Each structure stands twice: as structure tokens, then as C-alpha cells.
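First the structure, in the form of C-alpha cells, and then the observations on it.
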Protein chains: 2
Amino acid sequence: MRDVALAAEVSTATVSRVLNEDAARGLGAVAKVSGATRERVLAAALRLDYKLNHVARSLKTRSTRTIAILAPELANDFFMALAEGIEQELGKAGYMLLLSSSSNSADEEKRRLGVLSQRLVDGIIVVPASRRGEHIQAIADGGTPVVLVDRLVEGAALDCVLADNEGGAYAATRALLADGFSRIAFLGGNPALSTAQERLAGFERALADAGLTGRDVRPGGMGIADGYRLMDELMAEAEPPEALFAVNLLVHLGMERRLLEEGRAALGRFAMASFDETPYSPFMTACRYSVAQPAADMGAAAARLLLERITLAGASAPAAVPRCLRLDTRLIRH
Amino acid sequence: MRDVALAAEVSTATVSRVLNEDAARGLGAVAKVSGATRERVLAAALRLDYKLNHVARSLKTRSTRTIAILAPELANDFFMALAEGIEQELGKAGYMLLLSSSSNSADEEKRRLGVLSQRLVDGIIVVPASRRGEHIQAIADGGTPVVLVDRLVEGAALDCVLADNEGGAYAATRALLADGFSRIAFLGGNPALSTAQERLAGFERALADAGLTGRDVRPGGMGIADGYRLMDELMAEAEPPEALFAVNLLVHLGMERRLLEEGRAALGRFAMASFDETPYSPFMTACRYSVAQPAADMGAAAARLLLERITLAGASAPAAVPRCLRLDTRLIRH
DNA sequence: ACGGGCCGTGTAATCGATTACAAGCGCGTG
DNA sequence: CACGCGCTTGTAATCGATTACACGGCCCGT
């Protein structure tokens, strides 16, 4: 910057003003630098191919224009779509995205949050690894804006963006019922995750509304291997349920994997439905429902919420009351 | 840091030494701080809940311990697995991952690279959006280590990690031939991408090796919509090919989508194969091959290459000669 | 007993921006 | 004519670390 100042025969202060004014052009801020000087500085900067040092700026302004996303894993269609939604929205506002994975562990999540706060990120979007949220709340209390996505934590007063898990599960279960199935089982789940609990609740409400009393619920994880195992157990039963509702696509996938081992014909054996949907879903079984979550929208919404809170914090406005968005799911019949 | 220094009754220099020594523990570096002082500083830091300001450190050391990945898009199984591989490997080394999307545009790619270099990232992993690579080479020449992944660019002397596209396509085509199909078409592709060209080359070599002369090649994009359109055209033909090799999974998916519209029975109409593979692949058709790319391994390899180059650059060693890794693909029969 | 080396620690410059404060200048007004 | 106001620009402090250099003390050899 000194070189540019020298070349333009002004002070570094003036160079800085030109550059910042330039960034904030359109804002009602008072024009501080005269036209002629501005031209000279701009020309010099161009000539010297000057690149502003963002780290130095961050040190002074205490803002890195970077936000982080902390998710339990990365290679997962849902989280990816989420990340894409976030990235799009942040890009518009000139922010960058720092990616971090908690590897499905609350401890690792805590560690990563610590590292992130050292880096002075302007905000963090967290997909909690568990229901425990003290460490997340602590970060928020420390002044770093935080938004939760997809999953809820206990006893935290934080902004969040969630899918209507209960409603989605309710709709899918009703659809199965309307198709004439009454012996429906709910497969998979993890009591530590709000999503699993909410989906189960929707499932049970649909059964209750239909006047059914007994419920067939088989928790046991949220992954492909879990679905595989659950289906394996199911197939050993004398009188298995007719229809199956899987807590998510991974469990569903594991289930169908197991079925496929019996031959392609076996795929038609159960009427299946599950949460989540990908472009591959139409190929997975003959008759089925998917509950599609608006992942990209959820990401975008979370990003907007976070950006709002960041500007609020910047203006040192009174901490706004936490907001919680529920986005609708969409029932897809294949 | 000053507070910690005050509390421990030492200078900030000593505090800094304690902290850095701690980080570099195990290194053969000379121990600079005596045991007693170290304990006092550590205790004070703990008591005050002191968090080092990473931005300030970066400004001084000119290293952010952050590397960036710039990919054409994010919501894509391959890039995701790539990102996960990279994140894992970087995490071990204490680096963070900055995520950036070039939206499949070379111009956007150039813009993003500019932004990234302002941020003083320690290195960049690029999945080039096109064959043009001047802007990427320029970044590397500017001193920021760069590694290319998945796709090659023209006339750049850069480290890169690629899949054996030619070999993978060759193997899949041979498998189709061995199954008795001789009228095989190659579908999809983009002359601007090295992957597409290499896969086509492998396809053609397999045909040549089998003594077949006429080749049925139908380029026309790399996306789902392109596959859909290609299949649409195919189905209008009087004598369509018996077997189809799609340049990637997206094209393949589009093709099957179109088939599915004709009813589930239509899915068996062609023998299909394609590059890429996901957990969903087994469900896509009755008879088919997938060429699986080791995406996570490619990411990890790229990360290692980059880290190596970063430490080299740090030691201001002579610029190493560019290395190019080709990772084997795996042919999967479903 | 004295000089040299080593070890532990402190002083202060530095990284590259932002910005509070001050200063110079031109111009309108009482 | 002098005063003051507003506009543009410069001076220098600051953000929070790292690190070159200096310095004092201690041990040791001759």
C-alpha cells in the first residue's frame, strides 16, 4: 500500500480511503476523496497490480468476512446441498465459506468450534452433532453469531433453520395409509438427534389419526449399515410389515441394498418411503414416497439469518431475540 | 496476550515463545523457555481463558494455515468426496479448508482466484472449469502453491492429481464388448474438459483393439439435461446402438430418466456403463458397469502434494518440478 | 580472577491495513 | 477584513501477534 501511495503521491490513508469508498460505493457515506486524487490512486494501484492484504484489514477491522460451516460429515447429499445454498448466498454478500467437519462427534465439534473462534470468523453455521449444545451456546455468548441448521439442540437460545420433519413424516405416513397399508414400520433413528425424534412423532401422529394403536418402531442408527441390518432382521420375520418408512435416505438405501441381494424382484416386496431425496431416488424402488427437504433453501435461509445477525452485531444493536424457521418439505410420489 | 504476560509477570515475547514451542513440541528446536516460566505462562493463559488471535499471527507469519478448494460446483457427489478427502488430510496437518465455487465459469474462476490470493491462503486446490489455465498458472507463479485435481489445463506446469480416465473407459468398453455388444455408443462430453477427451480416447482404443472401425460418438454436454436429450434422440432412431457408455454419471442419470418415462421395463433396453459411481448406482439399471473414481483418495493425494509444496516454499527451497499423479479407477459390475 | 559462551528473557520493530485527530485551504458572511 | 466552516489530505496510533537483537547472569577453562 505504501508503494501505491508513493506512486500516486498521496498518503497511505488516502489510498485506504479510495479503496474502501470504492467497496462501499452506493452507500450514503460522505465522499471523502476528490475525483482527481481518486483517479490517480486507482491508476497507480492498477499499474502496480496492487492487491489489498485481507489479513491485515481483518486484524484492524476485526472482521474476516468469512463464515464457517461445521457439519457432522461432508460426503452427504443433504449437507452438500446445504453448503451450496450457503455458499451462493454468502457469495452475494462477499463472504467466504470455511468448511469444517465434526465427524459426528460432539467432542470434535467442540474442538473445531474453538479453532474457528480463534480464526475470528464472523459467524458460524452449525449442524449439531448431538443434542448437547452448551459449547455452541458458549460460542454465541462469546459474541460470534451462530445459526443452527437441520437439528435442534437442548436449552440453547439460538437462531435456527429446520425442516418440518414432523409434518413431512406425517404426510408420507398418511400417503402410505391412503394406499391401503396399515402395517407400517418406522425404521432407523437416533434419540440423540432432533430430526429423528420429530420424524417419529409425525409417523405416530399419522397412525393415531388413522385410529391405529400398535406401532412398529425400530430405531437403530442413521447410516447405510444400519438400514442393511434392520432389513436383514425384518426379512427373518414370519409376518413382516407391509410398508416401511425409513428415517432418512441412508437407512433406506441400506435397506434396499439388503433387498437387492435377494434379487431385483425383491425390491417390490415392501412399499417404502423415506426422508430425503436425490436425483437417484426414482430408481430405488417401484412404489415409493420421498420426503424432499429444501436443503439449498435451508442453507440460503441460514446464511441470511447469520448475515443479519452479523450486521446487527456490527452495529452493536441489542441482541435480537432468536428466530427459528421451519421450512416445508415436499412429498414426492415416484 | 499482554494480559497473560502481565499476569505471568513476563514479557509478551516469552508468552509467544511458550505458545509456539508448545505447538511445535517434538520438533528438534531448541527449548527456549525454562520450565518454571513456562508453567507460570500456561497457568495464566488458562486462568484468563486466553485465545490466540490467529489473524494477527497470520499477518506476521504470512501464513494462514488455510488452503482453498475451487471447484466448478459443490452439489456433486464426486466433488464432495474430493472435498472430504482433502478435509481429512488437511485436518491432520492443522489446516482449514476454504470452499469456493467457480460455477462452471472460467471468468468466475479467475475472479475467485483473485479474491483467494488476497486472503493469503497458503495454497489452492483447483478443479479447473475449463482447459484454459493462464490465470491459474499466474497464481502459482505469484508464489501461492497450486494443485490441479481431476482436470488438466493446457500449457501449465503444475502439480496435479488425475484419475486414469483413459484406462477406465477402456476397461468398461472392453467389458461391454466381452459381453457381446459390438454396437456401442459414447454419449456426452465437452471438448473443453480433459476428462471427457481422455474417456473418449479410452473408448476408441478399446474399439480399435477389438478391430471395430466405425465409432458412434455423440458429444453434447456433461449434465443431466444433456443425458436426457441424448437419450431422447436415441430413442427416435430406427436402429439404435445396443450398448451405451456415458461420459459421466450425470449424463447416465439423464439418460435413464428419459428411459424411465417409458416405464420401468424400458430400463433394460440398453446395456449401459458410465464413469462415476455412488451408493445409488446398483439401483439404476439391470445390467451395467460403473467406472469408480477414487475421489477421496484423489483429494487426499492432492492435499498431500499441496502441503509438501507449501513446506518447500516455506523453506524457500528451489521450486520442485511439477508432479502428476494418475490414480487407478475400478470397474464395477452391478 | 577474568573472558567467553550459553541460556533465558526483555525491548522494540514489524507485518499491512484502518481511522481518530489535526492541519491546510478556499470561500462565504457579518 | 477576519472568522469560521467544510472539504480534502496527512500524521501517527492501533489491531495482536512474531522475532531480531541485546542484555544480564551463570558456568567453566586457564
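Residue numbers begin at 1 in each chain, while the letters A, B, ... track the order of the sequences. Since this is a predicted model, take the numbers as computed values, not measurements.
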Subject >> Reported OG1-to-CD1 distance for the pair Thr66(B) and Ile124(B), which is rounded to 0.5 angstrom >> reply: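 Separation between the atoms: 11.5 Å.
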Does a side-chain N or O from [X] land closer than 4.0 Å to OP1 or OP2 of [N], or not?
| X | N | value |
| --- | --- | --- |
| Arg62(B) | dG16(C) | yes |
| Asn53(B) | dC15(D) | no |
| Thr14(B) | dG10(C) | yes |
| Ser16(A) | dA17(C) | no |
| Thr12(B) | dG16(D) | no |

Reckon [X] touches a base, only the sugar-phosphate, or nothing at all at heavy-atom distances under 4.0 Å?
| X | value |
| --- | --- |
| Val55(B) | nothing |
| Ser58(A) | nothing |
| Val15(A) | nothing |

Subject >> Charged N-O contact under 4.0 Å between Arg132(B) and Glu134(B) >> reply: yes
Subject >> Sidechain N-carboxylate O distance under 4.0 Å for Arg112(B), Glu108(B) >> reply: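 Counted as a salt bridge, because a side-chain N and a carboxylate O are separated by less than 4.0 Å.
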Subject >> Position toward the 5' end of DNA chain D (nearest nucleotide), Thr61(B) or Leu59(A) >> reply: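 Final value for this comparison: Leu59(A).
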Subject >> Comparing Ala56(A) and Val10(B) on DNA chain C - which has the more 5′ nearest nucleotide >> reply: Val10(B)
Original post:
Asn20(B) and Arg57(B): side-chain donor and acceptor closer than 3.5 Å?
Top reply: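 On atom types as modelled, these side chains qualify, holding a pair under 3.5 Å.
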